[in-house]
Amino acid sequence: MNKPKLVFLLDYDGTLTDFDRNPDHSRLTPEARSLLLRLGRKYPLFLVSGRNIASLRKVSGLKKIPMVGSHGFEASRLPGALSLSTAAQQKRFRREAAALWRAFHRLQAAFPGLHVERKPYSSTVHYRGLGLSKGREKELKTMFHRLVKATVTPGIWALQEGKMMMEAKPKGFSKGRAVLKIMRLFPGALPLFAGDDITDISAFKALGSRGLKVAVGHRIPKNLVNLRFDHPSEFLYWLKAFL
């Protein structure tokens, strides 16, 4: 088998599919799924998501595609049995993430319609579609930070924000770190990374001037990318050129 010249590393939400208020509803179209399966047969292809692996498999329908989940903390089907975290780390963060998920339900009483997404190693709140004023959004963020501080072990969790969402995740792990580990398995190949949100910035920065960096939407700074598309459908259409 010839060495691959390109390695595709693709974010999911907002990059391959539209956002939905409930993350469980953000699914690939049959056409998009077929395209990615065909692309994955021709090149090494990885989904690199903030979602946990179980959720990513469910919404994408791409159960046999290698995946990185939970912002670089967990993985599935990576070459060489590559692992991103240890069993001890997984056990500890699973326990504390469950406690966070329970604590975040207090936010729903104060902010009706808020969605609390349960993940095995992190916990996320989504407030897309709530129409919060700037003042109410500030109240939500303050309460979120207060609950995290009161619930988990200090120093081992990182907080990050994205499109109408806030998340507590394991500190020291990122999409950028995961992408670099994967690319070490493909010496000489060029990465093509695509993402849409500030949670993808670590990967754009990690790759530096290497490969092709693609943004979908307008949340990624211009100096970090080579190419930009306004919508996932435009990016998916462009991907057809590689088949």
Side-chain angles (χ1 to χ4, degrees), residues 10-33 47-62 67 69-71 97-149 151 157-169 175 194-203 214-221 228-237:
L10 309 177
D11 172 50
Y12 185 80
D13 293 282
T15 300
L16 299 176
T17 183
D18 286 332
F19 273 93
D20 194 281
R21 182 171 173 178
N22 186 330
D24 290 338
H25 298 162
S26 295
R27 298 176 181 268
L28 289 175
T29 64
E31 294 78 12
R33 187 178 301 110
L47 297 185
V48 183
S49 177
R51 287 178 179 266
N52 65 82
I53 295 296
S55 172
L56 190 54
R57 284 178 179 152
K58 179 180 178 181
V59 296
S60 71
L62 300 171
M67 298 178 177
S70 300
H71 300 286
L100 269 179
W101 180 75
R102 291 191 294 270
F104 285 162
H105 278 83
R106 301 176 203 171
L107 295 171
Q108 291 178 313
F111 300 89
L114 184 99
H115 178 73
V116 181
E117 183 182 3
R118 185 168 191 174
K119 301 180 179 181
Y121 307 112
S122 62
S123 192
T124 309
V125 298
H126 299 267
Y127 54 99
R128 177 177 294 275
L130 298 191
L132 298 180
S133 66
K134 289 185 178 180
R136 286 288 282 164
E137 185 175 0
K138 185 177 180 180
E139 289 177 22
L140 172 60
K141 291 180 179 181
T142 298
M143 191 173 178
F144 172 86
H145 283 260
R146 187 182 301 124
L147 286 171
V148 172
K149 185 177 180 180
T151 305
W157 288 83
L159 305 182
Q160 67 179 11
E161 297 183 17
K163 290 180 180 177
M164 299 296 176
M165 57 80 76
M166 296 179 291
E167 182 169 22
K169 68 184 190 70
K175 291 184 180 182
D196 74 303
D197 203 357
I198 56 176
T199 59
D200 298 304
I201 286 179
S202 66
V214 182
V216 179
H218 297 272
R219 290 180 64 84
I220 307 297
R228 186 183 302 274
F229 295 93
D230 289 330
H231 191 271
S233 61
E234 297 176 3
F235 173 59
L236 288 164
Y237 183 81

Residues that [X] engages under side-chain hydrogen bond (donor to acceptor under 3.5 Å, both in side chains), provided they are two or more places apart:
{"X": "Tyr12", "value": "none"}
{"X": "Arg33", "value": "none"}
{"X": "Arg118", "value": "none"}
{"X": "Asn52", "value": "none"}

Hey, what do you get for [atom1] ([X]) to [atom2] ([Y]), rounding to the nearest 0.5 Å?
{"X": "Met164", "Y": "Leu132", "atom1": "CE", "atom2": "CG", "result": "8.0 Å"}
{"X": "Ile53", "Y": "Ser70", "atom1": "CD1", "atom2": "OG", "result": "7.0 Å"}
{"X": "Leu28", "Y": "Thr17", "atom1": "CG", "atom2": "OG1", "result": "6.0 Å"}

Inset, instruction - Establish, from distance only, whether the side-chain atoms of Ser55 and Lys119 form a donor-acceptor pair under 3.5 Å. - result: no

Quick one: does any side-chain atom of [X] pair with a main-chain N or O of [Y] as donor and acceptor, under 3.5 Å?
{"X": "Arg57", "Y": "Leu62", "value": "no"}
{"X": "Arg27", "Y": "Gly61", "value": "no"}
{"X": "His231", "Y": "Ser233", "value": "yes"}

In chain order, what residues pass the salt bridge (charged side-chain N to carboxylate O under 4.0 Å, His left out) check against [X], with sequence neighbours excluded?
{"X": "Lys175", "value": "Asp11, Asp200"}
{"X": "Glu137", "value": "Lys141"}
{"X": "Arg219", "value": "Asp197"}

Inset, instruction - Step by step, work out the side-chain contact (heavy atoms from CB on, under 4.5 Å) result for Phe144 and Leu159. - result: CA-CA 10 Å; Phe144 172 86; Leu159 305 182; 4.1 Å; yes

A side-chain contact here means heavy atoms from C-beta on lying under 4.5 Å apart; do [X] and [Y] qualify?
{"X": "Val59", "Y": "Arg51", "value": "yes"}
{"X": "Pro232", "Y": "Val216", "value": "yes"}
{"X": "Pro221", "Y": "Ile201", "value": "yes"}
{"X": "Met67", "Y": "Ser60", "value": "yes"}
{"X": "His218", "Y": "Asp230", "value": "yes"}
{"X": "Glu167", "Y": "His71", "value": "yes"}
{"X": "Met166", "Y": "Leu140", "value": "yes"}

Legend entry - N-O pairing of Asp13 and Lys163 below 4.0 Å: no

Inset, instruction - Quick one: do Leu236 and Leu16 satisfy side-chain contact (heavy atoms from CB on, under 4.5 Å)? Show the steps, please. - result: CA-CA 7 Å; Leu236 288 164; Leu16 299 176; 3.8 Å; yes

Taking all atoms of both residues into account, what is the closest heavy-atom pair of [X] and [Y], and its distance?
{"X": "Met165", "Y": "Tyr127", "value": "N-CE2, 3.6 Å"}
{"X": "Ala103", "Y": "Leu147", "value": "O-CD1, 3.6 Å"}
{"X": "Ala168", "Y": "Ser122", "value": "O-CB, 3.0 Å"}
{"X": "Ala97", "Y": "Ser123", "value": "O-CB, 4.3 Å"}

Legend entry - Residues in side-chain contact (heavy atoms from CB on, under 4.5 Å) contact with Ala99, at least two apart in sequence or another chain: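 If we apply the side-chain contact (heavy atoms from CB on, under 4.5 Å) test to Ala99, skipping adjacent residues, the hits are Arg102, Thr151.
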
Legend entry - Any residue meeting side-chain contact (heavy atoms from CB on, under 4.5 Å) with Glu31, in chain and number order, not counting sequence neighbours: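 For Glu31, the residues satisfying side-chain contact (heavy atoms from CB on, under 4.5 Å) (neighbours in sequence not counted) are Thr29.
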
Validation: residues 104-112 side-chain donor-acceptor distances under 3.5 Å, sequence neighbours left out:
residue : atom : partner : partner atom : Å
His105  : ND1  : Trp101  : O            : 2.7
Gln108  : NE2  : Leu114  : O            : 3.0

